[in-house]
Amino acid sequence: MISFDEAIALIARAVRPLGHEDLPLDEAAGRVLAQPLHARSAAPRQAVAAMDGYAVVDAGTRAGIDLTVIGESRAGQGFAGTVAPGQAVRIFTGAPMPDGADRCIMQEYAARDGDRVRFAQGYGPAWHVRAAGSDFAAGDTLLEAGTRLTPRAMIAAAAADRAILSVSLQPRIAIIGTGDELAAPGEAHLRADAIPESVTFGVAALTAQAGGRVVHRAIGLDDLPALERAAGEALAAADVVIVTGGASVGERDFAKPMFAPHGLELVFAKVGIKPGKPVWLGRAAGKWVIGLPGNPTSAMVTARLFLLPLLALLQGQALDGVLRWRTLPLAAPLGETGGRETFVRARWDDDGLVPVGNQDSGAQGALAGADWLIRCPAGQGALAAGDLVRALAF
């Protein structure tokens with residue numbers, strides 16, 4: 001059995017990006033950039049007005065003195081002439097500043113009479129001009145490789161004036177839930193010894209948030225030949241196979257044996273953490289296989305700690321982005337840790353982290369309210385409200 005840090009180091013050494021593809025900009029949202037994105041040109045490409053008003057030559061402009069309005073500048077249709085002292089051009093936000101003009105005076109200070117305009121006292125000190133390249137210059141790197149194209153990042157990608165983006169291949173995910181006791185939600189109440197299968201739904205949702213694409217889902221009974229066939233189907237369809245349950249040492253725990261005919265080679269078999277000690281990672285038929293515990297809390301904690309780093313690396317992202325530990329205060333006491341490194345589920349309130357009341361590995365109701373994991377070393381003593389802990393967004 002290895003430590004959490006040792007397991008993460010093994011993942012970091014073993015996993016490489018799947019590759020990349022080119023996509024139109026309007027299909028790239030949510031994907032991960034495979035190459036840095038450089039601006040094709042500066043923004044703005046030339047000086048533009050930051051307000052609606054009048055473009056003038058500052059040195060030739062004074063409050064209360066008439067200027068001659070010689071034209072108009074709109075976004076996308078600038079004024080073609082040159083502005084001289086004593087002249088003004090009506091201008092709108094985002095429109096190019098005319099040659100010769102260096103200041104935009106807000107329209108609130110202007111009194112217009114035909115082709116004459118004068119300005120009231122107090123129109124300064126701001127000049128209301130966005131200089132050429134004040135946002136970014138041509139060739140600037142707007143987004144680094146490994147950046148997920150969030151809604152905000154999509155703005156920068158479009159601003160770079162690139163119609164095609166190189167993005168990492170999206171990992172194809174297969175999920176297999178195992179256990180005779182499992183039944184589809186909505187059907188479990190029809191059988192006295194059945195429970196609703198919940199884990200694969202949470203894992204699938206977490207996978208989608210991390211950029212994976214679920215292409216295959218199945219529930220398998222504890223029948224080894226049938227599970228071996230299910231494993232083969234999943235390996236043929238996906239880049240990553242997630243199997244839940246059947247990871248202990250009982251006679252009907254088949255999570256690892258079901259992949260044996262497909263050449264399973266383990267990277268690690270157990271990790272000294274709580275919850276989630278049975279989590280494991282391996283390769284079979286050239287694909288990644290990760291085994292998660294069957295208990296819902298254990299499965300979601302280990303998916304957050306190990307599956308998300310695996311998916312990040314497959315998409316060319318750095319581990320420190322997905323395992324971003326923060327130092328945060330406790331808002332309630334935290335009990336002592338036992339002999340294994342423990343990840344305590346907690347929620348955030350106005351004063352800090354509050355451990356959820358039910359820390360059982362099978363808890364499902366409490367799981368919905370937990371949005372942080374507190375990392376507790378083995379043998380850590382009890383902590384009081386106000387103490388600082390290391391925590392990871394859950």
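Since the structure is predicted, the reported quantities are computational estimates derived from the model, not experimental observations. These numbers come from the heavy atoms of this one structure, side chains and all, not from hydrogens, waters or symmetry mates.
Although no hydrogens or angles enter the test, the distance criterion places no donor-acceptor pair under 3.5 Å between the side chain of R16 and the main chain of L18. Not a single donor-acceptor pair under 3.5 Å links the side chain of T82 to the backbone N or O of D99. Judged by distance alone, the side chain of R118 and the main-chain N or O of D66 form no donor-acceptor pair under 3.5 Å. Under the 3.5 Å distance criterion, the side-chain polar atoms of E6 are matched with a main-chain donor or acceptor of S3. Of the possible donor and acceptor atoms, none in the side chain of R345 sits under 3.5 Å from a partner among the backbone N and O of A370. Remark: the backbone N or O of V69 is not paired with any side-chain donor or acceptor of D115 at under 3.5 angstrom. Checked by atom type and distance alone, the side chain of R148 pairs as donor or acceptor with a backbone atom of A210 at under 3.5 Å. For E197 (side chain) and V199 (main-chain N/O), a donor-acceptor pair under 3.5 Å exists by modelled atom type. Of the possible polar contacts, one joining the D349 side chain to the D351 backbone as a donor-acceptor pair under 3.5 Å is found. Counting only distance, with no hydrogens or angles, the side chain of S361 and the backbone of S298 share no donor-acceptor pair below 3.5 Å.
A chain of hydrophobic side-chain contacts below 4.5 Å, direct or via other Ile, Leu, Val, Met, Phe, Trp or Tyr residues, connects I173 to I11. Taken together through direct or relayed side-chain contacts under 4.5 Å among Ile, Leu, Val, Met, Phe, Trp and Tyr, L353 and L373 form parts of separate hydrophobic clusters. Under the 4.5 Å side-chain heavy-atom criterion for Ile, Leu, Val, Met, Phe, Trp and Tyr, L323 and V267 are members of the same hydrophobic cluster. Hydrophobic clustering, with ILVMFWY side chains joined whenever heavy atoms are under 4.5 angstrom apart, keeps L206 apart from V215. Tracing side-chain contacts under 4.5 Å through hydrophobic residues (I, L, V, M, F, W, Y), one never reaches V83 starting from Y123; they form parts of separate clusters.
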Quick one, F92 with E72, criterion side-chain contact (heavy atoms from CB on, under 4.5 Å). Give me CA distance, side-chain angles, the key distance, then yes/no. CA-CA 8 Å; F92 299 91; E72 185 175 277; 3.8 Å; yes

Evaluation steps, side-chain hydrogen bond (donor to acceptor under 3.5 Å, both in side chains), between H38 and T141: CA-CA 4 Å; H38 305 292; T141 300; 3.1 Å; yes

side-chain hydrogen bond (donor to acceptor under 3.5 Å, both in side chains) between R31 and Q315, worked out: CA-CA 9 Å; R31 301 292 291 274; Q315 295 172 86; 5.9 Å; no

Under the criterion ring pair (Phe, Tyr, Trp, His ring centres under 6.0 Å), I'd like the reasoning laid out for Y54 against Y109: C-alpha separation, chi angles, the key distance, then a yes or no. CA-CA 10 Å; Y54 291 85; Y109 292 95; over 10 Å; no

Could you walk me through whether V301 and F394 pass the side-chain contact (heavy atoms from CB on, under 4.5 Å) test, one step at a time? CA-CA 8 Å; V301 169; F394 189 14; 4.0 Å; yes

Candidate pair T68 and R116, rule side-chain hydrogen bond (donor to acceptor under 3.5 Å, both in side chains), full reasoning: CA-CA 5 Å; T68 302; R116 311 293 290 175; 2.4 Å; yes

Check step by step if side-chain hydrogen bond (donor to acceptor under 3.5 Å, both in side chains) holds for D52 and T93. CA-CA 5 Å; D52 291 348; T93 303; 2.9 Å; yes

Applying side-chain contact (heavy atoms from CB on, under 4.5 Å), run through V117 and L67 and close with a yes or a no. CA-CA 5 Å; V117 66; L67 280 70; 4.1 Å; yes

Check the pair R304, V322 against side-chain contact (heavy atoms from CB on, under 4.5 Å), reporting the backbone distance first and the verdict last. CA-CA 9 Å; R304 177 62 184 91; V322 71; 3.8 Å; yes

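Below 30°, between 30° and 60°, or above 60°: for W280 and F259 the angle between ring planes is above 60°, a perpendicular geometry.
A heavy-atom distance below 4.5 Å is not found between the side chains of T302 and L307. Annotation: side chain of S73 is in contact with side chain of P96 (closest heavy-atom distance under 4.5 Å). At least one side-chain heavy atom of M300 sits under 4.5 Å from a side-chain heavy atom of V203. A heavy-atom distance below 4.5 Å is found between the side chains of Q359 and V344. Residues F306 and L292 are not in side-chain contact: their nearest non-hydrogen atoms beyond the backbone lie 4.5 Å or more apart. With contacts defined as side-chain heavy-atom distances shorter than 4.5 Å, the pair V240/R172 does not qualify. Contact check for S198 versus P296: side-chain heavy atoms found under the 4.5 Å cut-off. Counting heavy atoms from C-beta outward, Q170 and E21 have side chains that stay 4.5 Å or more apart.
Between R347 and D371 there is no salt bridge, since no side-chain nitrogen of the basic residue lies less than 4.0 Å from a carboxylate oxygen of the acidic one. Between R162 and D22 there is no salt bridge, since none of the side-chain N atoms of the basic residue sits less than 4.0 Å from a carboxylate O of the acidic one.
The 12-atom threshold is not exceeded at CZ of R324, counting heavy atoms of other residues, nucleotides or ligands nearer than 6.0 Å. Within a 6.0 Å radius of NE2 in H262, other residues, nucleotides and ligands contribute more than 12 heavy atoms. Around the CD atom of E27, the shell of radius 6.0 Å holds more than 12 heavy atoms that belong to other residues, nucleotides or ligands. Crowding of Q77 atom CD: a count of heavy atoms from other residues, nucleotides or ligands under 6.0 Å not exceeding 12.
Rounding to the nearest 0.5 Å gives a distance of 9.5 Å between OG1 of T150 and CD1 of I155. A distance of 10.5 Å separates CG in N295 from OG1 in T244, rounded to the nearest 0.5 Å. Atom CD of Q35 and atom CG of L165 lie 10.0 Å apart (nearest 0.5 Å). Note that CZ of F268 and CD1 of I8 are 7.0 Å apart. Values are rounded to the nearest 0.5 Å. Rounding to the nearest 0.5 Å gives a distance of 10.0 Å between CG of L142 and CD of E144. Between atom CD of residue Q107 and atom CD1 of residue I91 there is a gap of 12.0 Å, rounded to the nearest 0.5 Å.
When all heavy atoms of A39 and A137 are compared, the closest pair comes out as CB-O, 3.8 Å. Across T297 and P275, no two heavy atoms sit closer than the pair CG2-CG, 4.3 Å. Contact record, G100 with V57: O-CG2, 3.3 Å, taken as the closest heavy-atom pair. Nearest heavy atoms, A174 versus A238: N-CB, 3.5 Å. For the residue pair A28 and V167, the shortest heavy atom distance occurs at CB-CG1, 4.4 Å. The two atoms that bring S168 and L33 nearest to each other are OG-O, 4.2 Å, heavy atoms only.
In summary, of the residues considered (K274, R375, K277), a salt bridge (charged side-chain N to carboxylate O under 4.0 Å, His left out) with E341 occurs for R375 alone.
A cation-pi geometry, defined here as NZ or CZ lying under 6.0 Å from the six-membered ring centre and within 45° of its normal, holds between R217 and F201.
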